[in-house]
Structures are given as structure tokens and as C-alpha cells.
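Here the structure is laid out as C-alpha cells; the discussion comes afterwards.
Every heavy atom of this structure was used, including side-chain atoms; hydrogens, water molecules and symmetry mates were not. Remember, it's 1-based here, ligands and their atoms both numbered in the order they're listed. Counting begins at 1 with the first residue of the sequence.
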Amino acid sequence: MTSDPHDKPAPQAGVNDLPARLRRRRRPIIIGVAGDSGSGKSTYTQGLEWLLGPELVSQVSLDGYHAEDRATRRASGRSPLDPEANHLERAGTDLERLSRGEATRIPIYDHEDGVFRDARVYQPTPIILVEGLHTLYPALRSMLDVAVYVDTATEVKREWKMRRDTRERGYKGAEAEAEIARRAHQYERWIADQEQHAEVILRIHPSELGKLAIGRLSADVPDSFYHLELIVAPGGDDQRSLFLPVDLNSMTREQAMPFMLAIVPSQYQARTVNVLHVDGHMAPAGLETLTQSICAFAGLDAPAGGSGIEWPATVRFAQMLVAWPVINRISAIAAGD
Ligand SMILES: Nc1ncnc2c1ncn2[C@@H]1O[C@H](COP(=O)(O)OP(=O)(O)OP(=O)(O)O)[C@@H](O)[C@H]1O
Ligand SMILES: O=C(CO)[C@H](O)[C@H](O)COP(=O)(O)O
């Protein structure tokens, strides 16, 4: 760790042939992502899959390790947020096998109807994204090469979860409401503490641009605008991840406003971290430059569309914000082999 992150050079583009290095490795790199249900874990890590492609990256969901399916939970009253209602030791054993590069049977939970499907034999890719409610619990944490936590404000998470669970997971509105209310204290009790173990934290709040205006904000703030807060603690000597590979100030020169950027070196939980705040309109040119800079740094071809989902610019931007420190860490690991 450094006490003064300012004296570090900016990252150079094109220094790292990451795909070739990753293909040469025998053991996968494991990225763990934890956070509440509906916080955006899958959404915000899909940027890594988009950048690196399915040959190099795949996801494992820990939801398959729930001890009970939805109908059983309704009868028992247990919550999937309770670590005791999950087979975390078994998840740890499976993850250990994957980390040795061995094909492993992974249990599958199907959210569409809330039942378990047949376990699937999973062939490890060079990078494995493990996402779930308890990913940074002790049973799993020691196997992770990078730990990420997504912390989305309650009101934002509520809206996203309501919409998704009623449209895609077969919940009735009232039922989804009741479930969210029931889980509020469970989140604080069982999930939130994992944040202290993460080296990359993404916080998402409602847009705060209105508070920065003098008098009244004279621009639209659509519902899709959020205040993103990216907290990065360097892993080992990896100082590059603290800084974005581009000067985002150029985004303020775009026609479209409003936009806010702040970079705040901080001490947080006894660690030196950098905190990046962005809020508002994510200009397409800035997003493109950020994507290209990450690709150039890692020696990646620019992604040719392909994830099947056209993400709004605000979501894609957050995906790239998370991808940057993670790719830095992956590069440092792959370079050290
Ligand atoms: N910036 C955003 N704007 C609008 N919707 C978003 C945004 N980010 C995520 N969402 C939506 O929020 C919902 C929850 O996201 P996601 O499924 O990624 O969460 P999760 O943490 O993986 O949830 P779970 O653990 O329950 O599977 C999804 O429908 C996703 O499309
Ligand atoms: O906390 C969750 C993580 O996604 C889910 O609620 C849990 O996996 C159970 O899923 P479902 O609500 O679809 O039965």
C-alpha cells in the first residue's frame, strides 16, 4: 500500500497481452462478487464477460447452494440470506476444485420458478466470476483472487428487485413487497459486513446532482441516473488500479450535462483507498474512450457487441468502472506467473 497515491505513474496502454497470458495459466483466477439480492452483482460483472469474452470468463452463481427451494422456504420461513440456509462448506469444496482447474458439478437454482435443476458439470475458464449472497464469507474468501462488493442504496435496490422479481422470477407484487420488507434487517445481519473484505466496492445511490445545483437544477435528471461510488483498495503493489486509465474530465466538455466527477484519496477501514464518484449523464464518447483504454491496457480486442444485451450507457459505464481495477488485478496476477 502507498501513503501517497499521487506519485504513481499513469497506466500505459498496450503493455499487457492478457488473453495469451490467461490461456497459458493452469489455474483459473477467481473473482468473488458479494452483495444483496437485486443489488446488481450479475449486471455489474457482466462487463468483464463482455470485455474478455466467454472463452476466458464464465460465472458461477452460489444460489445453487441454497439449502431450500422457494416452496420449501415459504413453508419453513427460512431466508436465503441466512448463511445457515446455504451449503457454504460444499460451495467451498467445489470452488477449491475449480481453483485447481478441475471440472466440477455445480448445483443450479432456477429463479424463474424457484426450483433446483440438475447440477451442471462446469469446465473452468481462465477467469471464474463467483457471485452470490455470501461470496466473501470465510468458507470461500481464502480462495478468491479478487473480492468485489456491490452496495446499492435500499431505495434503488427495492425498485430494481421489485421490477425484476415480478417480471422474471414469478413473484406477485404484494409478495415481492413483503419479501423485501422481511429481508431489510436480514441484510444488515448477514450480508453487509462482507464489504470490509472487498478490495473493490461499488456503491450505487440515487443521483445527487440536485444537491449540487445552486437554487434549482435546470436540467433533467432521468431515473436512470445514479451516483456511483467506486472504492478501490490496491492489492499488493498494484497501485494502477487506483486510477482510471483515462481522464474523465473530458466528459465534462461533452454537450450533454449534467455530469459530476470527483476523485478522493481516503483512509477507509485502515486502508489507503481511492474513491471515485460519478453521477449523471455518461457521455457515449467518454464511455467509448474508457472501454478502449481498458482494452488497450490489457491487449484486448475491442468487444464486438455480443453479450446479447444492449445496456444503457449508465450501466455500461458502471460495468467498465468495476472492470478496470479487476482487470488490473488479473493482469498483476497473470504477470507474476
Ligand atoms: N443501473 C441500472 N439501472 C436499471 N436497472 C438496473 C441497473 N443495474 C441493475 N439493474 C437491474 O436490477 C436488477 C437486479 O440486478 P442483478 O440481477 O444484476 O442483481 P443481483 O445482485 O445479481 O441479484 P440476485 O442476487 O438476486 O440474483 C436486474 O433486473 C438489473 O437489470
Ligand atoms: O436472495 C436471492 C439471491 O438472488 C434470492 O432471493 C434467492 O436466490 C432465492 O431466489 P428466488 O427469490 O428467485 O426464489
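Polar contact with ligand 2: present for Arg70 (N/O pair, distance under 3.5 Å). An N or O contact shorter than 3.5 Å is missing between His111 and ligand 1 by distance. Taking only nitrogen or oxygen atoms, main chain and side chain alike, Tyr44 reaches within less than 3.5 Å of ligand 1. For ligand 1, the polar-atom distance check against Gly38 finds a nitrogen or oxygen pair separated by under 3.5 Å. Checked by distance only, ligand 1 and Arg164 come closer than 3.5 Å through their nitrogen or oxygen atoms. Polar contact check, Ser37 against ligand 1: a nitrogen or oxygen pair lies under 3.5 Å apart. Any N or O atom pair closer than 3.5 Å counts here, and Thr314 shares no such pair with ligand 1. On a distance-only criterion, Ser42 and ligand 1 share at least one N/O pair closer than 3.5 Å.
Centroid-to-centroid, the aromatic rings of Tyr109 and His111 come within less than 6.0 Å. Between Trp50 and Tyr44, the ring center distance fails the sub-6.0 Å criterion.
Tyr149 does not carry Lys41 over the face of its six-membered ring by the limits of under 6.0 Å from the centre and within 45° of the normal.
For Arg183, every heavy-atom contact with ligand 2 shorter than 4.0 Å involves the side chain, none the backbone. By the criterion of a heavy-atom distance under 4.0 Å, the side chain of Leu133, and not its backbone, is placed next to ligand 2. At a heavy-atom distance under 4.0 Å, no atom of Glu159 approaches ligand 1.
For the salt bridge (Lys or Arg N to Asp or Glu O under 4.0 Å) condition, the pairs that include at least one residue of residues 48-59, sequence neighbours left out, are Arg23-Glu55.
Defined by atom type and a distance below 3.5 Å, a donor-acceptor pair is present between the side-chain atoms of Tyr65 and Asp94. Between the side chains of Glu208 and His227, a donor-acceptor pair is found at a separation under 3.5 Å. Side-chain contact, Thr152 with Ser39: no donor N or O sits under 3.5 Å from an acceptor N or O. In the model, Gln186 has no side-chain atom that pairs as donor or acceptor with a side-chain atom of Arg183 under 3.5 Å.
Glu68 and Arg73 are not joined by a salt bridge, as no carboxylate oxygen comes within less than 4.0 angstrom of a charged side-chain nitrogen. The residues Arg203 and Glu195 are annotated as salt-bridged, a charged nitrogen and a carboxylate oxygen being separated by less than 4.0 angstrom. A salt bridge does not link Arg158 with Glu155: none of the charged nitrogens is closer than 4.0 Å to a carboxylate oxygen. Ion pairing of Asp145 with Arg329 is absent here, as no side-chain N (NZ or NE/NH1/NH2) approaches a carboxylate O to less than 4.0 Å. Salt bridge status for Glu112 with Arg169: absent, with no side-chain N to carboxylate O gap under 4.0 Å.
Distances from ligand 1 to the non-hydrogen atoms of Asp36 include at least one value under 4.0 Å. Within the structure, ligand 1 lacks Lys161 among the residues with a heavy atom less than 4.0 angstrom away. Gln59 does not count as a contact of ligand 1, since none of its heavy atoms falls under 4.0 Å from the ligand. The shortest separation from a heavy atom of Ser224 to ligand 1 is not under 4.0 Å, leaving the residue out of contact. Heavy-atom distances between Arg73 and ligand 2 reach below 4.0 Å in at least one pair.
In this structure, atom 27 (O) of ligand 1 lies nearest to the protein heavy atom Arg169 NH2, 2.9 Å. In this structure, the protein non-hydrogen atom closest to atom 14 (O) of ligand 2 is Tyr109 OH, 2.6 Å. Ranking the protein heavy atoms by distance from atom 7 (C) of ligand 2 puts His66 NE2, 3.2 Å first. Remark: minimum distance from atom 5 (N) of ligand 1 to any protein heavy atom is reached at Arg163 NH2, 3.2 Å. Counting protein heavy atoms only, atom 19 (O) of ligand 1 is closest to Gly40 N, 3.1 Å. Scanning all protein heavy atoms for the shortest distance to atom 30 (C) of ligand 1 gives Thr43 OG1, 3.6 Å. Protein heavy atom closest to atom 20 (P) of ligand 1, with residue, atom name and distance, is Lys41 N, 3.5 Å. Nearest protein heavy-atom neighbour of atom 11 (P) of ligand 2: Tyr171 OH, 3.4 Å.
Considering only residues two or more places apart in sequence or on other chains, Ala184 meets the side chain to side chain contact (heavy atoms under 4.5 Å, CB included) condition with none of them.
In this structure, the side chain of Glu131 does not engage the main chain of Gly32 through any donor-acceptor pair within 3.5 Å.
Against a heavy-atom cut-off of under 4.0 Å, Arg169 is close to the following atoms of ligand 2: 4 (O), 13 (O).
Considering only non-hydrogen atoms, atom 7 (C) of ligand 1 lies nearest to Trp160 out of Tyr226, Phe317, Trp160, Phe225.
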